[in-house]
Amino acid sequence: MLTAMLASLLLPLLLLCRISFCQYSSDQCSWKGSGLTHEGHTRDVEQVYLRCSQGSLEWLYPTGAIIVNLRPNTGSPAAARLSVCIKPSAESSGTNVYLDRKGKLRLLLRDRDQARGKVQCFSIQEGALFIEAVPHTDISRRITAFQYELVSDRQGPEAHSVEAPCQPCSDAEMLLAICTNDFVARGSIKKVELEEEHSSVTVELKRLYRQKTQVFVSGGVRVRRWTGHIKMPLQCGVRSGEGEFLFTGTVRFGEAWMGCAPRYKDFLRLYGEAQQQGTNPCHMDTD
């Protein structure tokens with residue numbers, strides 16, 4: 001009797017699934033799937049849920065479409081102010097990537113542009129990623145793959161945009177940067193190289209206060225020096241110069257990006273004044 005009742009309830013749902021979009025889900029940091037599982041039912045749209053601050057996606061032999069929901073694993077109101085950055089791999093192809101907000105699609109990345117590996121950023125409020133396979137007679141060589149990171153709005157779309165304004169940091173932003181940025185270091189600029197869409201600043205550091213990942217390399221146990229490269233938008237017009245700077249910034253996809261970078265003597269003055277007033281958000285050893 002109970003079995004018959006359950007069957008009568010489930011049958012309409014199963015029929016509905018067969019004539020509409022069936023949805024599947026995964027909830028993790030990274031996802032890997034294959035379009036071959038969609039053969040015969042390419043109308044199906046799989047729902048993917050990625051709930052970490054960073055991870056990756058790899059879709060082999062894409063057919064049909066998938067919807068990727070990028071969400072932080074937190075209920076904090078601050079989560080609504082996050083941005084998402086994605087970086088396609090050099091081998092990525094086979095799909096067009098859209099932003100899907102309440103059924104309205106906006107093109108984010110074309111199939112032919114993915115191999116450039118250019119970082120694309122958008123506000124988390126702009127919706128999910130709708131990744132649609134481009135029809136091909138041979139899908140055996142098609143793979144869509146990218147890394148993603150959730151970042152604060154200040155380090156989000158503007159951090160990788162060639163149109164980013166190069167506005168100097170306010171006093172409050174400078175003081176907060178030493179508390180919250182991925183790296184904080186004291187040193188000098190040795191060389192500036194102009195690349196296709198950004199400048200690469202070679203720095204030599206005499207003091208490394210913090211680094212999230214190993215973007216700066218030590219000269220050895222006996223040599224208290226570190227070297228590395230920090231990226232900046234081209235239009236910022238950075239040049240090699242004399243004197244010491246306090247370099248702060250973020251690490252995105254294994255690369256250091258410049259944030260606030262005042263001359264060290266100017267930072268010392270600002271830090272000393274804030275210390276006297278008791279307004280420093282955190283302590284830093286300036287000896």
Side-chain angles (χ1 to χ4, degrees), residues 20-33 35 38 42-60 62-136 142-165 197 233 250 252-253 257:
S20 63
F21 282 16
C22 299
Q23 295 183 349
Y24 310 88
S25 67
S26 58
D27 190 351
Q28 54 206 353
C29 292
S30 298
W31 181 86
K32 184 174 182 179
H38 281 187
T42 55
R43 282 176 55 82
D44 295 351
V45 176
E46 182 168 358
Q47 293 273 358
V48 178
Y49 295 89
L50 301 176
R51 299 186 181 274
C52 297
S53 61
Q54 59 185 26
S56 62
L57 177 141
E58 187 176 17
W59 191 18
L60 287 70
T63 59
I66 60 175
I67 295 177
V68 182
N69 301 274
L70 295 161
R71 292 292 182 269
N73 191 19
T74 175
S76 169
R81 299 191 297 272
L82 291 173
S83 292
V84 179
C85 292
I86 64 172
K87 183 178 183 181
S89 74
E91 293 76 31
S92 188
S93 67
T95 61
N96 289 325
V97 181
Y98 301 84
L99 281 175
D100 178 6
R101 185 174 186 181
K102 297 180 180 180
K104 294 184 178 180
L105 300 182
R106 176 170 73 84
L107 183 63
L108 182 68
L109 195 58
R110 294 184 185 276
D111 175 24
R112 62 176 179 266
D113 296 330
Q114 294 183 33
R116 295 173 58 194
K118 182 180 178 181
V119 174
Q120 301 287 332
C121 298
F122 54 93
S123 168
I124 202 168
Q125 298 297 310
E126 293 186 67
L129 292 175
F130 184 87
I131 306 179
E132 183 179 33
V134 176
H136 289 283
R142 309 289 176 178
I143 297 175
T144 294
F146 63 77
Q147 297 172 277
Y148 74 88
E149 290 189 357
L150 297 170
V151 300
S152 68
D153 274 346
R154 178 168 174 82
Q155 307 301 336
E158 294 182 353
H160 293 283
S161 170
V162 295
E163 293 85 14
E197 294 181 342
T250 58
R252 298 289 169 247
F253 304 108
W257 284 82

Worksheet item: From Leu70 CG over to Leu82 CG, what is the distance, rounded to the nearest 0.5 angstrom?
Response: 11.0 Å

Worksheet item: What heavy-atom pair brings Arg51 and Tyr148 nearest, and what distance separates the two atoms?
Response: N-OH, 4.4 Å

Worksheet item: With a 4.5 Å limit on heavy-atom distance, are the side chains of Leu108 and Tyr98 in contact?
Response: no

Discussion item. Using a 3.5 Å distance criterion without hydrogens, assess whether the side chain of Ser92 forms a donor-acceptor pair with backbone atoms of Ala145.
Written reply: yes

Discussion item. Could you check whether any side-chain heavy atom of Val151 comes within less than 4.5 Å of a side-chain heavy atom of Thr250, counting everything from C-beta outward?
Written reply: no

Response to the item:
Shortest non-hydrogen pair, Trp59 vs Ile131, comes out as CZ3-O, 3.6 Å

Worksheet item: Could you go step by step and tell me if Glu91 and Ile143 meet the side-chain contact (heavy atoms from CB on, under 4.5 Å) rule?
Response: CA-CA 7 Å; Glu91 293 76 31; Ile143 297 175; 6.0 Å; no

Item to complete: Rounded to the nearest 0.5 Å, what's the gap from CD on Glu58 to NZ on Lys32? Could you check?
Response: 4.5 Å

Discussion item. Can you tell me which residue among Val119, Val97, Leu129 is in a side-chain contact (heavy atoms from CB on, under 4.5 Å) with Phe146?
Written reply: Leu129

Fill in: Donor-acceptor contact present, side-chain Asp111 to main-chain Ser93, <3.5 Å
no

Practice prompt. Taking all heavy atoms of Glu149 and all of Arg252, pick out the closest pair and write down the distance.
Written response: OE1-CD, 3.2 Å

Worksheet item: Leu109 and Pro88: which non-hydrogen atoms are nearest, and at how many Å?
Response: CD2-CG, 3.4 Å

Practice prompt. Write down the atom of Pro62, the atom of Ala133, and the distance for their closest heavy-atom approach.
Written response: O-CB, 3.4 Å

Discussion item. Taking Arg110's backbone N and O only, do any of them form a donor-acceptor pair with Asn96's side chain (distance below 3.5 Å, no angle check)?
Written reply: no

Worksheet, complete the sentence: Taken to the nearest 0.5 Å, the spacing of Leu150 CG from Cys121 SG works out to 10.5 Å

Item to complete: Please report the shortest heavy-atom distance between Thr95 and Gln114, naming the atom on each side.
Response: O-NE2, 2.7 Å

Worksheet item: Once you round to the nearest 0.5 Å, how far does CD1 of Ile66 lie from OG1 of Thr144?
Response: 7.5 Å

Response to the item:
Taken to the nearest 0.5 Å, the spacing of Phe253 CZ from Ile86 CD1 works out to 8.0 Å

